[in-house]
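Down below is the structure, laid out as structure tokens.
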Amino acid sequence: MALIAAFALTSTAAAAATCGNDASGFNSWKQQFAQEATAAGIGQRGLAALANTSYAQRTINADRNQKSFRYSLDEFMRIRGADTIVAQGRRKIANNPTFYANLEARYGVPASVIVAIHGMETAFGNFMGDSNVLSAITTLAYDCRRSDFFTPHALAALQLVDQGSISANTIGAMHGELGHTQFLPANVIRYGVDGDGNGVVDLTNQTDALYSTANFLRQKGWQPGQGYQEGERNYAVIQQWNAAGVYQKAIAIMAARIAG
């Protein structure tokens, strides 16, 4: 947590590295950002990984075309395969009831909510992305549109490289998210849980990812036993998972259907 505080303190300074809206200034920005990363405590492994990143045009294209914000709820549910997620989610809980009961008992978050998120994010781990995490997250930190938001995540990604949790070649989603439930790097550090007890927080491991997801929601204010549909107390916590209103509503609806 001290390191996260350091990230927060240096993020304003890091934003002074000259942002840009195309690839032309990316290499210059990396050199400036390396100085800020060094000041934030990033070591040689992380700095070497930063030096090897490349401008991720696919990430920028995706960032400029986020269709989820434009769909109606019915369209979104259909396109994302809500019926399939609900059916598969029910089977996952039925096939491993002890695991999900323990997860719910530890964090107070219904297993159906965690399973709905798992299904929505990666189709239960079947597709966790096809982009280089470091190139994606540093591109977004460089890009002027949301540099302030992504700079701490870029620093966190370099710290994860330093500690061996990810590598320069780690693959994730196009906005730099990692693992079964698609955590941004700073959230891995803040909320990541070693669910299987092997001494490593690895969000490509399903147990770690689901425990981390439940921990995220609980730390964000989830109240055990309270409702999570729109207008109920825990819906505000679901809203902190994803900024798209249709996504938030879909999670709540599918979770209720999975729970039966």
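Below, all heavy atoms of this structure are taken into account, side chains as well, without hydrogens, waters or symmetry copies.
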Heavy-atom side-chain proximity of [X] to [Y] below 4.5 angstrom:
| X | Y | value |
| --- | --- | --- |
| L210 | F99 | yes |
| H180 | L203 | no |
| Q159 | L155 | no |
| I60 | Y55 | yes |
| Y211 | N102 | yes |
| V86 | R90 | yes |
| V193 | T213 | no |

Quick one: [atom1] on [X] to [atom2] on [Y], what's the gap to the nearest 0.5 Å?
| X | Y | atom1 | atom2 | value |
| --- | --- | --- | --- | --- |
| D208 | N198 | CG | CG | 6.0 Å |
| Q248 | Q240 | CD | CD | 10.0 Å |
| K249 | Y235 | NZ | OH | 6.0 Å |
| N187 | L178 | CG | CG | 10.5 Å |

What are the two closest non-hydrogen atoms of [X] and [Y], and how far apart are they?
| X | Y | result |
| --- | --- | --- |
| S54 | S135 | N-OG, 3.0 Å |
| L134 | A157 | CD2-CB, 3.5 Å |
| Q44 | D162 | N-OD1, 4.3 Å |
| V115 | G89 | CG1-CA, 3.3 Å |
| R45 | V161 | CD-O, 3.0 Å |

**Message:** Does D63 form a salt bridge (Lys or Arg N to Asp or Glu O under 4.0 Å) with R58? I'd like the steps, not just the answer.
**Reply:** CA-CA 9 Å; D63 192 58; R58 288 177 62 237; over 6 Å; no
Distance-only polar pair, side chains of [X] and [Y], donor-acceptor under 3.5 Å:
| X | Y | result |
| --- | --- | --- |
| D202 | T204 | yes |
| T38 | Q35 | no |
| Q31 | N27 | no |
| N169 | S167 | no |
| Q32 | Y142 | no |

**Asked** What is the ring orientation for H153 with F149, classed by angle as parallel under 30°, tilted 30 to 60°, or perpendicular over 60°?
**Response**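 Answer is tilted, since the angle falls between 30° and 60°.
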**Message:** Classify the ring geometry of F76 against Y71: parallel below 30°, tilted from 30° to 60°, perpendicular beyond 60°.
**Reply:**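 Aromatic pair F76/Y71 classed tilted.
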**Asked** Are F183 and W241 near enough that their ring centres are under 6.0 Å apart?
**Response**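 Ring centres of W241 and F183 closer than 6.0 Å.
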**Asked** Would you call D83 and R257 a salt bridge, taking side-chain N to carboxylate O under 4.0 Å as the test?
**Response**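 Yes.
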